[in-house]
Every structure is written in C-alpha cells, then in structure tokens.
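By convention in this document, chain letters (A, B, ...) are assigned in the order of the sequence lines, proteins followed by strands, and residues within each chain are numbered from 1. As the structure is a prediction and not an experimental result, all values here were calculated from the model.
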There are 2 protein chains.
Amino acid sequence: MSRTVAAPYRVSGVAHTPADVLAAARGILAQHSLADLSMRRLATELGVRPNALYWHFPDKQTMLAALADDLLDAVQIPADGAWDQRLTAAATNLRSTLLSLPDSAEVVSSAWASGLSHSDLTATVAAVASDGGLPPPAAHGVATAICRLTIGLTIEEQTRAQMERLGVTGPSGRDFTEEFTQALAVIVDGARSLAAARR
Amino acid sequence: MSRTVAAPYRVSGVAHTPADVLAAARGILAQHSLADLSMRRLATELGVRPNALYWHFPDKQTMLAALADDLLDAVQIPADGAWDQRLTAAATNLRSTLLSLPDSAEVVSSAWASGLSHSDLTATVAAVASDGGLPPPAAHGVATAICRLTIGLTIEEQTRAQMERLGVTGPSGRDFTEEFTQALAVIVDGARSLAAARR
DNA sequence: ACCTGAACACCGTTCAAGT
DNA sequence: ACCTGAACACCGTTCAAGT
C-alpha cells in the first residue's frame, strides 16, 4: 500500500519559491510592461491569491530589487584586455542585458534608488577603472558616470519602445545606440585623460 | 445698486488654473513626498474633487511633465565664460535646482522617459559643448552624459533623503556631492580631450 | 511551510450633470 | 469655464485562519 502524503493546500502543483515569483515577474515584463506588473496580476499568473506573495517577499519594492539583482548578476564584466576597452565592454553588456527585458532599466533604477539592491556593479566597474591607474575617487566617478548614463538612456529607450508598442506614439526618430556610443566615448576618453595625467 | 455676478459653483474663492495645480503639487513634494502626490490628495489640497483636476490636465503623467518643465526652465545655463566651466556650472545648477525640491529628480526622469516634457535642456547643454568645438554627435553625447548623471545620482540622493526622513533607514554614509563632482569632472575632461583632438 | 478568506484604505479615470 | 456626484476597475498590504 502506498502512503499518500498530505495534499498541499493549493489545488495543483508544488509550492512556489521566491525564484518562481521572480520568473513570473520577468514573464509579465517580457509580454506586457512594468505598468502591468502588479502584485495581484503576478499572483494570478502563479495561480495564487495576491497575499500569498507576501510569504516570499516582504513587499513589492523588495521583490523588484531582487529581480534587479538577478538581472545585474548576469552582466558580464570582462576580466582581461585593455582597461579602457573593458570599460566600454562592461557598459555595452549592461545595456544589452537591460534591452533584453522590457522596462528592466526602470526596475534597476528604482532598486538602486531604494537601497534594496545588493548588486555591487558600480564597484565592479570602478575596479576596472582602477586598473587604469585612477585613484579611488576618480575611478568611482567613472563608474558612476557610466552606470547612470547607461541606465538613464536605456530607461528612455525602453519607455519609448513601450509607447510605440501601444501605438500611443510614433517612432521617436532618435538613434539611441548612437547617443549611447557617443556619450560613453566621452566618459571613457575622460577616464583615459585622467589616467594619462597620473603618469 | 451693485450688480452681483453669478456665484461660482465652488463655495469659496476663485477658479483654479493649471498653475495653481502645479503649485499645490510642489507643496506636496516639499512637505511630503512623491508617494503622497496622488491626484486625490492634490485635489483635497486645492479644496476640490479629484475629477476636477482633469479639467486642467488630461492625466497625471502630463501634469507631472508640466511640473518637470517648470523646474527645468528655472535652471540657469551661463552664457559667458570658458565653455568647459559653463558645462560644469550648468550641471551644478541643475543639481542644486533639483535638490531644492524633494523627489523632483524622479519627476524629471519620468517626464523625459514619457516624452511629454517640452524642455530642451539637453540641447541647451549640447550647445555649450559645441562652443568648445565639438562636432554635433560628440556635443550631444557630452550633454547626454551630464544630464543623465545628474538626474540619476540626484534620484538616489533624494530617495535616500526620503527614507531617512521616514526613519526607515540610517544615513547612507555616501558623500553624494563628492560622487557628483568626481563623475562630472571625468565627463568634462572627456569633452576637453575630444576638443583638443579636433585642433 | 505555504496558502486562503476577508477586509482596509487607498488609487487614476470617465461621464453626465450642475452653475 | 470650472466644478460636483457617482461610479468603474483597479491597487498594496495586513491578519487570522486553514492544511
């Protein structure tokens, strides 16, 4: 005779984990937008009541910060090569990671602002700048400029993309890739010029 | 005999204007926070029903964009002096304008992202960079880097300030002024190095 | 450990109607 | 021109209770 374990309270399937919740949140961003990412909708997507989510995360803000950290942990920061090229590559990788998930730049921005993010991306980028011989404050300045530029410009790009998706606005006529490339080049040039002055 | 004009529908006072609404919105930001700036609360502050606001603005987003434009129009962009010092001054003025009203950096960021802002601050800053002899794409890159840095870092600073105001978090230990100064110096150095290469 | 039921205190926005 | 009344379709979050 086989023993039957006590059936879970939920009708079908296994219990959820925080990772399940984050995966469902990604799904909503991918197929809809940040505006559609409510706790209630997220719960529906998981086949669960809204308040069940509060078992996994204390509040929505914390859940979004965890999502942001997931995203940022996936950004590749090259370990070898010339330091200035590694800086450019880090920024480019951050941007393309963000562009792969709609509205994710906004999520990262909020997470950084709230202080609930545990990602140390800025410090990692600052370490690359340090390899160029920049003193700590300047290296941190470079990292700050690069990260904020990338996040800020990508927020605009993704927001426009959403608006065009909804047909509320026509194409912006802006070349975001060009804007990003130019602005990034200015910052990296600044870093090089500071490094040269140190020699 | 004095003629009495037909009494307005509202009990006391004169009718409101869009400017009145924006002033009340500023008041809520100044004394509370962006989280408290709901259309319903704004209406209450004006002694009016929530839906009355939709006479003055089509929606909340548009109202916030108008508020952002008001703020940005007040930013002084110096017209004479060395171009690199004018760049630094423009960024510093933008930051101090934002810091004078809690959560205003977030408001500006959203307004830019939504495309509802009519401010041409980035173009104005780009014009200063052009005075340094930079070609248009590079000048625009400089302006983008400066504006996004300033907005992004000020969002973090103001969000931390709110959290400390609410006692939900202790002091961050970060020196935002120092971070801003260093990152700005990197960008302006980059601009100078690009200008020098043009000669 | 993980979830439901039920409720609280809110939102933004629309539409017809009032003066 | 500027506002009210009344309603619609939502939010995030809490708490006790279920299994």
Check your understanding: When you match B:A52 and A:P50 each to their closest nucleotide on DNA chain D, which lands nearer the 5' end?
Key -> B:A52
Where the side chain of [X] is concerned, which of [options] is the nearest nucleotide?
{"X": "A:R40", "options": "D:dC2, C:dC2, D:dC11", "result": "D:dC11"}
{"X": "B:R49", "options": "C:dC3, D:dG12, D:dT4", "result": "D:dT4"}
{"X": "A:D59", "options": "D:dG12, D:dT13, D:dA7", "result": "D:dT13"}
{"X": "A:M39", "options": "D:dC2, C:dT14, D:dG12", "result": "D:dG12"}

Practice item. Establish, from distance only, whether the side-chain atoms of A:Q182 and A:E178 form a donor-acceptor pair under 3.5 Å. Key: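 On atom types as modelled, these side chains qualify, holding a pair under 3.5 Å.
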Would you mind reporting whether [Y] and [X] have side-chain heavy atoms less than 4.5 Å apart?
{"X": "B:E157", "Y": "B:L153", "value": "no"}
{"X": "A:L184", "Y": "A:I146", "value": "yes"}
{"X": "B:V48", "Y": "B:L42", "value": "no"}
{"X": "A:D20", "Y": "A:H56", "value": "no"}

**Study point:** C:dA9 to D:dA9 separation - P atoms, rounded to the nearest Å
**Key:**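 Approximately 23 Å lies between the P atom of C:dA9 and that of D:dA9.
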Check your understanding: Which heavy-atom pair separates A:S114 from A:Q61 by the least distance, and what is that distance?
Key -> CB-OE1, 3.2 Å
Check your understanding: For DNA chain C, what is the dot-bracket line, given that a base pair needs Watson-Crick (N1 to N3, plus N6-O4 or O6-N4) or G-U wobble (N1-O2 and O6-N3) geometry with both distances under 3.5 Å, and | means paired with another strand?
Key -> ||.|||||...|||||.||
Check your understanding: Counting only side-chain N and O atoms of A:H56, is one of them less than 4.0 Å from OP1 or OP2 of C:dC2?
Key -> no
